[in-house]
Amino acid sequence: MLTGIIETKTSESQQTLSVEPPTSGLSLHGTIEIPGDKSISHRALMLGALATGTTTIEGLLLGADPRSTASCFSQMGAKISELNQQRVEVQGIGLGQLLEPTEVLDAGNSGTTLRLMLGILASHPDRFFTVTGDHSLVRRPMDRVVKPLQEMGAMIWGREGGSFAPLAIQGQRLKPIHYNSPIASAQVKSCVLLAGLMAEGETTVTEPALSRDHSERMLRAFGARVLVDPETHSATVIGPATLQGQPVVVPGDVSSAAFWLVAGAIIPGSELLIKNVGVNPTRTGILDALEMMEADIQLENQREVAGEPVADLRVKYSQLKACTLEGSLIPRLIDEIPILAVAATSAQGTTIIRDAEELRVKESDRIKVMAAELNRMGAKISELPDGMEIVGGTALTGAEVDSYTDHRIAMSLAIAALKASGKTLIGRAEAASISYPQFTTTLQQICK
Ligand code: S3P
């Protein structure tokens, strides 16, 4: 594929993305429709599968991660129509009615699929399940969900005492608990709440800071009794619940919009309009961070769609300033830190990111990988145990870099390459299709 600036070369299912801005400079223009929110897509498929009746999903993300969720729940008896963005229909099997699969359930690259599904499987009495994932997922910690599930009475086995997939689960009737989670993680919270759906009484999760609340919103919409206490960062589900199929409209993913927000903010002369972006306050840390950095971003046409706030975002270039990202802001922008690191290389001053040790157990060690790959391009980034120190205002130069098969690393490096002089080659760039299959197409469109 060839447009002069963006080229792709595929060999043996691995793609190298080549980005070479013209020496005369580049500015980005256009209107962008981003794909559906990954977190909401997973939950719509899962709750649709567990509910009675029909769930229709508009705007589903067609990336590899939600496809893993759809395939696992199809194996357990949910009837899911062909996946497309217009309208997917899920015929639910009813809470507690999942069929015991005869094959291993494969969550692929998706931590959300595996961790949320564990809560569902562990609470299905009299069935046995085995679950696994790809080379990255089998290295990611599962004890964070296995431990609270075991407190509820779950029976789960795996490597290192159930810390790593592959895992085997003997479903049980679980008892409700109040779990004080040591980490602010929506995957942990959602796993425990989903496990609590069939437990009799109140299952509560309290977190050190508020994580994304899509599960709470959607469980309520499907008819479960859910209480939230924003003061103590607690969410409670009262079981046993019944779930009724619903129409779901999935907004665009703010985590995908983040790449264009930063691209528009750091490339001189740019202006981009990103349509239909979910702006749930538990997800908009990226907007707060870019505001601190004095980016020029406007929220237009703000509205509510199927229980989630949505807006169009307009970004124009401006000189960014360094900032410090820490504390309760971190869970609200955890997936956007790789692209914020790119923004920080263009900012005046030194940006500090701390309290983000969770990045080390994402699809890759995102602290190590972003520091190493951006430094190859001339950035000045030092790793901190729980974050990064980024000296801004460094000129980036094209280099050979690698995604480490992490989707957000692949896309962040592509945006960094737009700002670099010379050619950047991003290895294993196909990883982007985990959450953003049309990323390269859109990149080509706005670079014209
Ligand atoms: C997600 C929660 C976050 C996030 C992930 C999606 C979710 O993970 O990083 O991409 O959909 O619940 P943690 O719960 O591990 O923070």
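All figures in this text were calculated on a predicted structure; none of them were measured in a lab. First listed ligand is number 1; within each ligand, the first listed atom is number 1.
Ranking protein heavy atoms by distance to atom 11 (O) of ligand 1, first place goes to Ser39 OG, 2.7 Å. When only non-hydrogen protein atoms are considered, atom 1 (C) of ligand 1 lies nearest to Gln187 NE2, 3.6 Å. The protein non-hydrogen atom at the shortest distance from atom 14 (O) of ligand 1 is Ser185 OG, 2.6 Å. Looking from atom 10 (O) of ligand 1 to the surrounding protein, the closest heavy atom is Asp335 OD2, 2.8 Å.
Classified by interplanar angle (parallel below 30°, tilted 30° to 60°, perpendicular above 60°), the ring pair Phe128/Trp157 is tilted.
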Using a 3.5 Å cut-off and no angle test, enumerate the donor-acceptor pairs between side-chain atoms of residues 243-251 and protein atoms at least two apart in sequence or in another chain.
from	atom 1	to	atom 2	distance (Å)
Gln244	OE1	Thr52	OG1	3.4
Gln244	NE2	Thr52	O	3.2
Gln246	NE2	Gln244	O	3.2

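Of the N or O atoms in Ser190, none lie within a sub-3.5 Å distance of an N or O in ligand 1. The shortest N or O to N or O distance between Ala186 and ligand 1 is under 3.5 Å. Checked by distance only, ligand 1 and Arg212 stay at 3.5 Å or farther apart across all their nitrogen or oxygen atoms.
When the heavy-atom distances from atom 3 (C) of ligand 1 to Lys362, Glu358, His214, Arg283 are ranked, the shortest goes to Lys362. Atom 7 (C) of ligand 1 has its nearest heavy-atom neighbour, among Arg43, His42, Lys38, Arg115, in Arg43.
Ligand-side atoms of ligand 1 in range of Ile334: 9 (O), range being under 4.0 angstrom from any heavy atom.
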May I have the step-by-step check of salt bridge (charged side-chain N to carboxylate O under 4.0 Å, His left out) for Glu294 and Lys321, ending in yes or no? CA-CA 6 Å; Glu294 299 184 13; Lys321 307 279 181 320; 3.3 Å; yes

Quick one: do Ser211 and Glu207 satisfy side-chain hydrogen bond (donor to acceptor under 3.5 Å, both in side chains)? Show the steps, please. CA-CA 8 Å; Ser211 65; Glu207 323 181 76; 2.8 Å; yes

Using salt bridge (charged side-chain N to carboxylate O under 4.0 Å, His left out), reason through Glu357 and Arg354 one step at a time and then give a plain yes or no. CA-CA 8 Å; Glu357 54 277 270; Arg354 55 168 89 96; over 6 Å; no

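When all heavy atoms are compared, the tightest approach of Ile266 to Ile415 is CD1-CG2, 4.4 Å.
With a 6.0 Å radius and a threshold of 12 heavy atoms from other residues, nucleotides or ligands, Glu103 has its CD atom at or below the threshold.
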